[in-house]
2 protein chains.
Amino acid sequence: MGEPTRLKMIAERLNLSESTISRALNDYKDISAETKTAVRKMAEQLDYEPNIHAKRLASGKSETVGYVMPIQSNQITGQFINELMAGIAKALGKYGWDLCVIAPQTPEEEIRIFEKIARTRYISGLVITRTLSDDHRFALLKRLGVPFVSHGRSSDSKESAWLDADNELAFFEMTTHFVKLGHKHIAHIGGPKDYNFARQRKNGWLRGLKSSGIKVPLNYEEITELTFDGGKEAMQRLLEAEVPPSAVCCISDVVAIGAMQALREKGIRPGQEVSIIGYDGLELGAWLDPPLTTMHQPLKSAGEKLAQMLLNIVESGSLPLNNQELVRASLVRRETANAPLSTWPPIRKDSGKP
Amino acid sequence: MGEPTRLKMIAERLNLSESTISRALNDYKDISAETKTAVRKMAEQLDYEPNIHAKRLASGKSETVGYVMPIQSNQITGQFINELMAGIAKALGKYGWDLCVIAPQTPEEEIRIFEKIARTRYISGLVITRTLSDDHRFALLKRLGVPFVSHGRSSDSKESAWLDADNELAFFEMTTHFVKLGHKHIAHIGGPKDYNFARQRKNGWLRGLKSSGIKVPLNYEEITELTFDGGKEAMQRLLEAEVPPSAVCCISDVVAIGAMQALREKGIRPGQEVSIIGYDGLELGAWLDPPLTTMHQPLKSAGEKLAQMLLNIVESGSLPLNNQELVRASLVRRETANAPLSTWPPIRKDSGKP
DNA sequence: CAAATAACCGAAAGCGTTTTCGGTTGACTC
DNA sequence: GAGTCAACCGAAAACGCTTTCGGTTATTTG
């Protein structure tokens, strides 16, 4: 209650000048060890917290990072964003930095906000997510000179800082997992090529097939929107193939859930005739019948890493391209990925050759 | 690019003093209309943005509201939080205010953070969600004198500001919806009494039964954790009732999904033998088979309203208790709530009387 | 032992606003 | 025509910190 502690009070209590207190607390090297400890002790005792506005004004640093919310969070991107934000906020908090939410309503507004940030510098750096394969934000932020880190890569991210799942590896492992279970007819439901991760995941699937010496027909690759309906329709098309697949690598859990629905509607049992693996590790996948096997990447620690990267860049002058990291996703074994049935796919004389 | 515009530059351009510019921009009444327009025009022209740190230091206002993230977002609270935050950020942005994320890791840390906020005042006000029936945060924040608004009520929220769904009404309407469809055996899967909304929803169900002259056995009320498994187990218990229900009002979508699973495992079809309505309006409910009927409340506009309330209180000195609002949830008709079958519940001579 | 060098601290000038307090005009009263 | 009162504006003091620049001691150096 009452007046908060100020630098001045500590100075008076210790018979020192304000500037000495300031430098002591900021660990300047021209302050003796004894006074430093004395100052720190007194500051602790008086519950001192620096006035951030004064601090930021005087130092010219804002100590604030902005998180750009995806413009239309149409997907169940929900939990994803929350955990990431919690991780970022946690890591920043250790350094007294703040995390501010930026919620542009339109792409145009997003650009205006970025320009304003560049002009005013009231945000030290940005975290962006939901990156596209060809994402204009990378070039824009680079041009504006706004420090940023992204969750996810892009065609423009060669020199920028990012943290991303190793999508290629994940889908390689997903595919070889199917192979180990005995599958030979392994399809892929992918996403629009606009999304960088869509391309990477497709490549992982292809490499998995190749390294196992498996060949599949061209129409084993489906491309769809990242929605329930998209997955459902893609699966319907896959089932019309001459030799329908016995295993499907789905680009996301939501798509996988749609695919499962398509199977059920044809009387085909997910995890029996046709095995399915999704991606995202959504909790709700466990609530399905049968529970969806998927791949999961740690999100909260990802947030913390992103924050650390941004701090490196803004504070320590670390180069963005020295802050790039690939994280490995792990398989979450539930019940939709099993060995193939001997009765599926329906055998014909020309099976398996594209 | 280059130096940002300062008050000083505008003053020089117009041959006025800095203080005049400041007051002109802040619409002081001792500035003539002509100079005001001249100043505004020049400010616009020079892309002037006030230095928020200087502004906040000088004015002693921080113009920042904090959003307290739920400590453990164990549920699919995901989309919920995101939309709310986006709404808050949007509304605050109009006034130049910021939204800061506060992510305490433990309840103890939450208290420490609140105390720090009270001490330093670097956060003008807080938004809290996931309120409990008996939530210590209300008393704490009131005692600390930190302005706040909550999404959801509590036993302590008589005099505080809040926005909440009319849970009672929603479950009343849910129940009478079942009645209109012809149901007489309407059960309720509720949540722990710690949650205020759990009590309200239960009361709505009871009122719905009463106003329709329907009596149900005592064991038609189940209490469970707000999880998939909780819903599943509760439904299993309901099915063991002497006369199993033909309709179930579920406290949340997640619980409803668990209940559906319990039905399927017994060979009972959701929406046929037993109708189900959930609550939350989760998108994923539409992906189920059959799609879950539920109730939905607008979230983004809720965020905007919460922000507006906080602004009222902090800026205009509006009393918290004058900022309370109940919003009505609406039914999302999907496929799990239909007329009862004549073959269900299995008729016995002592049916329907508790 | 003078001179150079650390080591340590205080003074003071900012940082860019807001806001109070006078002061200067001109118009208006009686 | 002296006094009153608006209407408008400038001066200047905050707000609480950072950071540079000297200056004073104590310590080392040649």
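Residue numbers start from 1 in every chain, and the chains themselves are labelled A, B, ... in the order their sequence lines are given, proteins ahead of strands.
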Let's see if you can work this out: which of [options] has an atom nearest to the side-chain heavy atoms of [X]?
X     : options                : result
B:K55 : D:dG16, D:dC9, C:dT18  : C:dT18
B:S32 : D:dC17, C:dT19, D:dC8  : D:dC8
B:S59 : C:dT18, D:dG10, D:dG16 : C:dT18
A:R6  : D:dC17, D:dA11, C:dA11 : D:dC17
A:T35 : D:dG16, C:dT19, C:dC9  : C:dC9

### Query
Below 3.5 Å, does any donor atom in the side chain of A:R56 face an acceptor in the base of D:dG16, or the other way round?
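Side chain to base: no pair present.
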
### Message
If you go through the side-chain atoms of A:D30, does one of them form a donor-acceptor pair with the base of C:dC9 closer than 3.5 Å?
### Response
yes

### Task
Quick one: label B:L16 by what it contacts on the DNA or RNA (base, sugar-phosphate, nothing), any heavy atom closer than 4.0 Å.
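It contacts sugar-phosphate atoms only.
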
#### Entry: Sugar-phosphate only, base, or nothing, as touched by A:L57 at under 4.0 Å among non-hydrogen atoms
base

### Query
Are A:S22 and D:dT18 close enough that a side-chain N or O sits under 4.0 Å from OP1 or OP2?
yes

### Query
Does A:Y48 make a side-chain N or O approach to OP1 or OP2 of D:dC17 shorter than 4.0 Å?
yes

### Task
Could you tell me the separation between the CG atom of A:L306 and the CG atom of A:L163, rounded to the nearest 0.5 Å?
5.0 Å

### Contact check, side chains of A:V149 and A:W162, non-hydrogen atoms, under 4.5 Å
no

Please give, in whole Å, the distance from [N] [atom2] to [X] [atom1]?
X     : N      : atom1 : atom2 : answer
B:N51 : C:dT18 : CG    : P     : 10 Å
A:E18 : C:dG10 : CD    : C1'   : 11 Å
A:E34 : D:dT25 : CD    : P     : 18 Å
B:L7  : D:dA11 : CG    : C1'   : 15 Å
A:I31 : D:dT18 : CD1   : P     : 12 Å
B:E49 : C:dC15 : CD    : P     : 20 Å
B:N26 : C:dT18 : CG    : P     : 5 Å
B:I21 : D:dC8  : CD1   : P     : 16 Å

### Task
Run the salt-bridge test on B:E159 and B:K142 with the 4.0 Å N-O cut-off and return the result as yes or no.
yes

### Task
Please determine, by modelled atom types, if A:Y67 and A:T129 share a side-chain donor-acceptor pair under 3.5 angstrom.
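Yes, because at least one side-chain N or O of A:Y67 sits under 3.5 Å from a partner of the opposite role on A:T129.
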
### Task
Take A:N82 and B:M69 through the side-chain contact (heavy atoms from CB on, under 4.5 Å) test and state the conclusion after the steps.
CA-CA 8 Å; A:N82 293 337; B:M69 291 197 86; 4.0 Å; yes

### Summary
Of B:S19 and A:T20, the one whose nearest nucleotide on DNA chain D sits closer to the 5' end is B:S19

